[in-house]
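Presented below is the structure to which this report refers.
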Amino acid sequence: MSQRTRATALLAAATLALAGIGTIASTSAQAAAGCKVDYAVSSQWGGGFGANVTLTNLGDPLTSWTVGWTFSSGQKITQAWNATATQTGATVTARDAGYNGSVRTGGTASFGFNASWSGSNPAPTQFTVNGVACTGSATTSPTPSATPTPTATPTPTATPTVPPPTGTTPLAINGQLRVCGVNLCNQYGKPIQLRGVSTHGLQWFPACYNTSSLNTLANDWKADVLRIAMYVNEDGYVTNPAGFTAKVNDLVDQAESRGMYSIIDFHTLTPGDPNANLENAKTFFRNVAARNAAKKNVIYEIANEPNGVSWDQIRTYANQVIPIIRAADPDAVIIVGTRGWSSLGVSNGSSSAEIVANPIAFSNIMYTFHFYAASHYDNYRNEVRNAASKLPIFVTEFGTTSATGGGTVDIGSSTTWLDLLDSLKISYVNWTYSDADESSAAFKPGTCSGSSYGTGQLTQSGQFVRSRIVTPDSFPTS
Ligand code: IDC
């Protein structure tokens with residue numbers, strides 16, 4: 001391009017840009033607004049209560065928000081998280097916390113608060129977002145060129161609390177998970193089972209988690225969940241906290257963009273006492289919970305396999321880490337490791353009775369059970385069967401092999417195990433989606449240095465596990 005043509009082109013671009021600014025200014029006055037606010041008291045005690053508030057943006061994308069309402073019975077906010085709340089008289093204004101200010105069309109943002117009450121505690125019924133009353137629908141200011149067509153008035157009975165799924169992925173269908181009774185439930189309150197795989201140690205197999213392998217996992221294996229095994233010691237997190245935190249966050253995004261859930265696994269193994277990593281856990285979970293609070297695909301696993309410690313010591317650890325996660329991400333499911341390498345105590349001569357007698361006193365908690373099919377047989381199965389009617393259990397790790405991760409692949413025992421978990425609707429995750437040179441790995445050694453993760457690359461274990469995960473899910477929506 002000659003100097004002259006180039007100057008003309010620049011001038012044209014500048015003119016277009018100016019025209020663009022003019023257009024934006026004139027349309028922003030007519031930005032579609034619309035919102036829905038869900039307000040739910042999560043717990044209430046004498047004189048106090050906690051509540052979660054979720055705003056659904058039904059208008060144009062927001063870059064910041066305030067949610068407003070008026071209390072009718074003297075309630076007073078004492079503390080808020082994921083928003084800054086101010087209260088003048090009965091009028092509350094909750095402003096986004098910065099990191100959750102952007103909400104796409106159809107997206108949600110949540111925050112929570114504690115408040116005092118006396119007499120009665122009625123929920124507010126009218127909310128505003130950025131000063132606009134929330135009617136549960138979108139409105140656009142009429143413009144001469146684009147008069148909106150009138151929409152049918154919604155009938156009260158036809159307004160479901162949770163709208164139907166907007167997609168077909170596990171995440172789109174099930175949305176925000178929660179624990180109901182002993183089950184993992186979806187956004188419709190229906191029990192579901194998630195089936196998926198675990199990474200190997202991120203420090204050892206970074207090459208195995210890339211666009212191609214994750215596409216294979218979501219599209220070919222039809223996995224529902226990816227467990228992100230972030231070892232803490234053993235050359236893991238402690239060697240580079242910021243780097244491993246970023247890697248975990250990236251994999252959360254990768255899973256989300258493919259419609260899968262992700263389990264953030266703080267993979268403590270050696271030492272077996274999670275309290276040895278308490279400060280690391282606090283820092284790590286404070287960061288990942290704040291960063292991922294608005295996402296619906298995150299499940300937190302706070303200690304992989306406690307060993308050499310009592311259930312009481314595990315509880316002590318959990319009681320310090322859970323509030324940190326909750327402060328940032330109040331509604332996520334949190335999974336707590338159990339005694340004896342997450343064997344519900346069995347590998348230490350104990351049982352789930354110690355957990356039932358002394359459970360974790362937070363809501364939305366599940367308990368970890370792990371098994372290796374060539375090491376753990378009927379006495380472990382009996383314990384799972386027994387515990388399943390009393391505790392919400394999540395199998396965040398199992399192998400088809402011995403507990404070393406190697407040795408013979410026991411297809412018979414693996415089949416018995418997975419049939420049992422299917423019948424109990426217990427979610428499970430296989431160790432490992434990697435090409436480690438050990439029989440529990442799903443891919444043959446060397447696979448991750450190539451570009452194909454097809455069935456030709458699968459090991460015996462990988463073929464079996466894929467065949468169990470690929471079958472259709474059952475995700476009830478009504
Ligand atoms: C194993 C890996 C192996 C690695 C070892 C490190 O398969 O390559 O050398 O960890 O300690 C678990 C643990 C999990 C183990 C796995 C198999 O959660 O970290 O991975 N296992 O031994 N519990 C029971 C078995």
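Here the structure is a predicted model, which is why all the values come from computation and not from measurement. Counting from 1, the numbers follow the sequence of the chain as shown. Read the numbers this way: they start at 1 and go in the same order the structure lists the ligands and their atoms.
Glu354 meets the salt bridge (charged side-chain N to carboxylate O under 4.0 Å, His left out) test with Arg339; sequence neighbours excluded. Taking His370 as the reference, nothing meets the ring-ring contact (aromatic ring centres under 6.0 Å, His included) condition, with sequence neighbours excluded.
Under the 4.5 Å side-chain criterion, counting only non-hydrogen atoms from C-beta, Val197 is in contact with Ile469.
Residues Asp235 and Gln203 bring no donor and acceptor atom of their side chains to less than 3.5 Å of each other.
Protein residues having a heavy atom under 4.0 Å from any atom of ligand 1 are His200, Trp204, Tyr231, Glu234, His267, Leu269, Asn304, Glu305, Tyr372, Glu397, Ala403, Thr404, Gly405, Trp431, Glu438, listed by chain and number.
Contact between Pro170 and Gly259 at its shortest, heavy atoms only, is CD-O, 3.3 Å.
For residues 317-338, the pairs satisfying side chain to side chain donor-acceptor pair (under 3.5 Å) are Tyr300-Asp329, with sequence neighbours left out.
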